[in-house]
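Taking it in order: structure first as C-alpha cells, then the write-up.
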Amino acid sequence: MDSKFQPQKVEKEIYSFWEENKFFEAKVDKNKKSFSIILPPPNANANLHLGHAMYVYEDIMIRYHKFLGDETLWLPGADHAGFETQYVFEKELQKQGKSRFDYDRDTLYQMIWDFVLKNKSNMENQLRRLGFALDWSREKFTLDEDIVKIVYQTFKKMFDEGLVYRDERLVNYCTHCGTSFSDLEVKYVERNDPLYYLKYGPFTLATVRPETKFADTAVAVNPADKRYKKWIGKEIEVEGLLGNFKMKVIADKAVDPQFGTGVVKVTPAHDFVDYEIGKRHNLQFKIAINRQGRLTEIAGKYQGLPVFKARKIIVEDLQKKGLIVRIDEKYTHRVATCYKCGQTLEPQLMPQWFVKIKPLSREAIKAVKEKKVVFVPRRFEKMALWWLKNFHDWNISRQIVWGIRIPAYKCRKMSNDKCQMANGWFVSIGKPDKCENCGSREFDQDEDTFDTWFSSAQWPFATLLTQNGDSKLEILNSKKIQNNFFNYFYPTSVMETGYDILPWWVCRMLMVGLYVTKNVPFKTVFLHGLVRDKKGQKMSKSKGNVINPMEMIDKYGADALRMALVFGIKEGSDQSLSEEKIIGMRNFANKVWNIARFIYINRQVQRQKSKSKDNNLELKIVQKLKKEFKEEKEKYLKLMNSYRFSQALGLVNKFLWRRLADFYIEQLKEPLKDGNIKTLEVLKKVYFENLKMLHPFAPFVTEAVWKIFKGKDQSILKENL
RNA sequence: GGAUCCUUAGCUCAAUGGUUAGAGCGUUCGCUUGACGUGCGAAAGGUUGGAGGUUCGAGUCCUCCAGGAUCCACCA
C-alpha cells in the first residue's frame with residue numbers, strides 16, 4: 001500500500017469497474033423496495049460548475065439506499081436548454097464575427113445541435129469524474145425523439161382540454177435577444193432614471209418614458225381624487241410634438257393619487273399596468289415601439305429611432321416647446337431587464353401560447369397540503385405554496401430556433417365554423433397533411449419553440465415512461481403500466497436540486513406531473529443552497545473567485561471535493577467553499593487510507609507472532625470501542641434517514657479520526673505488537689463498517705481500500721449496512 | 001411594501017430544549033513516536049448582535065430592537 005492515498009491513480013479505474021459491472025443499473029425487482037432519483041439534467045452547453053457538484057447529495061442518497069438493500073435508480077440526462085444554449089452559441093458566433101441572422105433556421109439548428117452534442121459528452125464525463133452512481137443505460141436528452149413525442153402529447157392534451165390557449169397580450173420581450181419570456185425570466189433592477197413632468201393639456205403628469213407618448217390612448221386619474229373629479233369622462237386637448245390631439249380622461253383605481261401629480265398617461269401597448277387599464281376601459285392599443293426596439297410610423301419624424309436615443313431627442317424637443325415643467329433627476333425605480341443580456345425589456349403586444357395556471361396549481365397546492373410531497377428543509381414548503389398561489393399564466397412561446405418547435409398549425413383557409421372558432425389553430429403530434437378542423441391542405445406551423453421549462457416540467461414522467469420504448473401517454477391509463485419500469489420507480493423518491501429553481505422547475509414539475517399522470521412526480525423535495533466563495537460572496541467570472549470542480553478533483557480527488565461540499569453545513573443554506581476546506585477533506589481521505597494501512601501492516605505482523613492464549617483475550621478497551629461503535633451506527637442511521645447528511649458525515653469523520661485513529665489505535669498499539677488477534681479483528685470490523693458508512697460521501701477511497709483487503713474483483717457496493 | 005433566512009472563536013460555518021457550545025482553516029508551543037508531517041500531543045481563542053419573556057433548563061421557543069443577505073410585488 002502507498003503511504004498516501006493517491007486518488008489520481010485509482011478514480012478512473014474504479015469508476016470504470018462500477019460501470020462495467022453494471023452496479024448502477026436499475027431493474028424491476030418486486031422483492032425490493034425501490035428508490036429513485038432523476039438527476040436535474042445539466043445544460044448541455046458548458047462545463048459543470050460547483051452547482052452541479054452539489055448533486056453529490058443525490059449520490060449520497062442513492063449509495064446509502066443501495067446499502068439498505070433497496071433497488072435504486074439514478075437516471076441521468078441532459079437539457080437542450082433552449083434559449084440559454086442559443087445565447088451561449090450566439091456568443092461563439094460573435095467571436096467569429098457572425099450572427100444568427102447569417103443562417104437559415106435549419107442550418108442554425110444543425111450548428112447548435114453539433115455544438116451541444118460535443119458539450120453533452122463532455123458534461124457526462126465530468127459527472128463520472130464526480131463519482132456519481134448514475135445509470136447511464138437509462139440516460140435521456142430533452143431532444144430525444146420519444147421525449148419530444150411526450151412533450152407534444154402533453155401540449156395537445158392541454159390544448160384539447162382548454163389548458164393552453166393562444167392570446168395576444170403584453171409580454172416581456174427582449175429586443176436584443178429577440179424573444180419573449182415568462183414572468184420568471186424577468187430580472188428587476190433598481191435604477192435611476194429621470195422622471196419627466198410633462199405639460200399635458202390642462203394637466204401636468206409624470207413619466208419616465210416620454211417616447212411612448214405617441215401610443216397614449218387615455219389620461220387616467222384616481223376615481224377618488226377630488227382635484228380631477230370634474231375632468232373624468234371629458235375629452236381634453238393636448239399640445240404634442242406632432243401637433244395637437246384629443247385625449248379622453250378616465251378614472252381607474254390603479255392610479256395612485258400620491259404619486260407624481262396623480263395623473264397618468266395611459267399607454268396600453270407598452271406598459272403592464274396600462275395594459276390592464278386599457279382592457280378595463282376598452283382603450284385602443286396603439287403601438288409606438290416595434291420588435292427591434294425602434295419607434296414606429298406613428299412617431300412621425302421620430303420613426304426608426306431606438307428607444308433611448310428617441311427619448312433624448314424627444315425630451316429636447318419637448319423642452320424647446322416648453323412642454324416639460326420640471327425633471328426629477330433623482331428618481332429611482334425598478335426596471336424589468338433581460339436576465340441574460342441585461343438589456344431593458346420592452347413590453348410587446350404579441351400572440352403567444354399560454355398555459356392556464358389555476359387548474360394546475362390548484363391540484364399542486366392540494367398535494368402539498370396533503371403531504372403527498374414533503375419538503376426538506378421544511379421551510380421550502382411555504383415558498384412552494386407561495387409560488388403556486390401567485391403564478392400567472394405561463395407564456396411558453398419563445399422566438400428562438402433552438403428547442404422543441406411548437407406543434408401548432410394555423411390553417412390558411414378556415415373554411416368551416418369549427419376552424420373559425422379555433423381561429424384556424426390545431427395541434428398535431430405527427431406531421432399533419434391537412435387541417436384537422438376543415439381539412440384544408442394549406443396551413444403553416446407556428447415558428448416558435450417551447451420554453452425549455454415546458455419540457456423540463458415533464459422530465460420525471462417523460463424519462464421513466466420512455467424506458468420501455470413507450471412514448472404514448474395512453475399507456476398511463478392501461479393495464480400495461482402495471483409492473484413495468486415506470487410504475488416501479490414513479491413517483492420518484494426524491495427530487496434534489498438547488499432552491500433557486502423552485503418556481504422554475506420544481507413547482508412546474510409538480511403541476512404538470514400531476515396533470516398528466518394524476519400522481520405526484522416525487523415524494524420528497526430536498527433542496528440545497530448556493531455555493532459561495534470563502535468570504536461568502538457569490539462566485540462569478542468577473543470577480544475571479546470561481547472554483548472549478550474538475551480542477552479541484554485533479555488536485556485533491558473527487559472524495560475531497562464531495563466531502564467539502566457537505567461537511568459542516570446546514571442543508572438548504574448557502575455555504576462558503578474554499579480550497580483550504582477541500583484540502584482539509586483531502587487530508588481526511590488520506591487519514592482513512594492510513595488507518596487501512598495500519599491495519600494492513602499489523603495483519604502481516606500478526607501472522608508472525610505466537611498464538612498464545614493471552615493473545616485471544618478481549619481487552620476492556622476493545623469492549624469500549626465496540627460499544628462506542630454501536631452508538632455511532634445508531635446515530636448515523638437516524639441522521640441519514642432524516643436527510644441530515646452533513647451531521648452524518650461529521651459523525652463518521654469524528655469517529656474515524658478522533659476516536660478510532662487518535663485514541664483507540666494509539667491505545668492498542670502495544671497489544672497489537674504482542675499479536676492480540678481479537679483486538680485486530682474488532683479493529684478491522686469497526687473500521688470496515690465505518691468504510692461503508694463513509695462510502696456514500698467518499699466512494700473512491702472506501703472502494704480502493706475495500707479492494708485492497710478483499711480483492712480486485714470485489715466491491716464495497718455488494719455490501720449491506 | 002411583503003416573504004424567507006442570517007447575526008455563535010481571528011475567518012467560514014456547525015450544534016433536533018438537556019453534560020464543560022463544536023468543526024475546518026488560521027495562531028502559539030512541543031514532537032525525525034515504523035499508519036499518516038496530508039501527521040501526533042498540548043494550548044490560546046466565546047457574556048452565542050441587544051433587551052425582555054416562556055421553561056427545572058434557551059445558541060435553540062415567543063415578543064421587540066439593531067444590522068446583513070436573498071427572493072418577490074404593476075408606484076407611472
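Letters go in sequence order (proteins before strands), and every chain restarts at 1. Side-chain atoms are counted along with the backbone in the values below, which use heavy atoms only and exclude waters and symmetry mates.
- Heavy atoms from other residues, nucleotides or ligands lying under 6.0 Å from NZ of A:Lys358 number more than 12.
- Protein atom CZ of A:Phe645 is 18 Å distant from nucleotide atom C1' of B:A15, rounded to whole Å.
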query = Yes or no on salt bridge (Lys or Arg N to Asp or Glu O under 4.0 Å) for A:Glu190 and A:Arg334, after CA distance, side-chain angles and deciding distance?
reply = CA-CA 4 Å; A:Glu190 190 89 8; A:Arg334 280 161 53 89; 5.2 Å; no
Identify each atom pair where a protein N or O and an N or O of nucleotides 22-31 of chain B are less than 3.5 Å apart, giving names and distance.
{"from": "B:G24", "atom 1": "OP1", "to": "A:Arg658", "atom 2": "NH1", "distance (Å)": "3.1"}

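- Spacing between B:C36 and B:G45 at atom C1', rounded to whole Å, works out to 28 Å.
- In this model, a side-chain donor or acceptor of A:Glu666 finds a partner on the base of B:A35 within 3.5 Å.
- Classified by interplanar angle (parallel below 30°, tilted 30° to 60°, perpendicular above 60°), the ring pair A:Trp504/A:Trp387 is tilted.
- Separation of the C1' atoms belonging to B:A58 and B:G2 is 30 Å when rounded to the nearest angstrom.
- Among the heavy atoms of the strands, none lies under 4.0 Å from A:Gly650.
- Residue A:Tyr188 has a polar side-chain atom (N or O) positioned under 4.0 Å from OP1 or OP2 of B:C74.
- Shown here are the salt bridge (Lys or Arg N to Asp or Glu O under 4.0 Å) partners of A:Glu580, two or more places apart in sequence or in another chain: A:Lys534.
- Within the nucleic acid shown, A:Arg209 has no heavy atom closer than 4.0 Å to any nucleic acid atom.
- Taking 3.5 Å as the limit, the base of B:U38 and the side chain of A:Arg586 contain a donor-acceptor pair of atoms between them.
- Spacing of P atoms, B:U32 relative to B:C25, comes out at 23 Å, to the nearest Å.
- Residue contacts shown for A:Trp593 are absent, as no nucleic acid heavy atom lies under 4.0 Å away.
- Remark: A:Arg597 is not positioned above the aromatic ring of A:Tyr600, lacking an NZ or CZ atom under 6.0 angstrom from the ring centre and at most 45 degrees off the axis.
- Of all nucleotides listed (B:G41, B:C72, B:C36), B:C72 comes nearest to the side chain of A:Trp386.
- Among the heavy atoms of the strands lying under 4.0 Å from A:Val255 is at least one base atom, whether or not backbone atoms are also near.
- When only modelled atom types and interatomic distance are considered, A:Glu628 and A:Tyr664 share a side-chain donor-acceptor pair under 3.5 Å.
- In this structure, A:Phe272 reaches neither bases nor backbone, as no heavy-atom distance under 4.0 Å exists between it and the strands shown.
- No engagement by A:Lys265 is indicated, since no non-hydrogen atom pair under 4.0 Å with the nucleic acid exists.
- Stacking of A:Arg169 on the aromatic ring of A:Phe354 is recorded, both the 6.0 Å distance cut-off and the 45° axial limit being met.
- Checked against the 6.0 Å centroid criterion, the rings of A:Tyr636 and A:Phe629 do not qualify as a close aromatic pair.
- Comparing B:G67 with B:G24, their C1' atoms sit 27 Å apart, to the nearest whole Å.
- Note on A:Lys534: every side-chain N or O is 4.0 Å or more away from OP1 and OP2 of B:C13.
- If you take atom C1' in B:G34 and the same atom in B:G26, they sit 31 Å apart, rounded to whole Å.
- If you check every strand for non-hydrogen atoms under 4.0 Å, A:Ser642 touches a base.
- Regarding A:Asp252, its CG atom lies at a distance of 16 Å from the P atom of B:C74, rounded to whole Å.
- Which of B:C71, B:C75, B:C40 sits closest to the side chain of A:Asp662 comes down to B:C40.
- Residue-level contact check: A:Ala661 touches the bases, meaning some heavy atom is under 4.0 Å from a base atom.
- The side chain of A:Lys570 approaches B:A14 more closely than any other nucleotide in the set B:U4, B:U70, B:A14.
- Across B:U12, B:A35, B:C74, the shortest atom-to-atom separation from the side chain of A:Ser576 is found for B:U12.
- Distance noted for atom C1' between B:G10 and B:G46: 12 Å (whole Å).
- Two rings, from A:Tyr228 and A:Phe203, have their centers less than 6.0 Å apart.
- Residue contacts shown for A:Leu205 are absent, as no nucleic acid heavy atom lies under 4.0 Å away.
- With both ends at atom P, the span from B:G30 to B:A69 equals 44 Å, rounded to whole Å.
- In this structure, the nucleotide among B:U4, B:A35, B:A73 sitting nearest to the side chain of A:Arg334 is B:A73.
- Between B:A44 and B:U7, the distance separating the two C1' atoms is 25 Å to the nearest Å.
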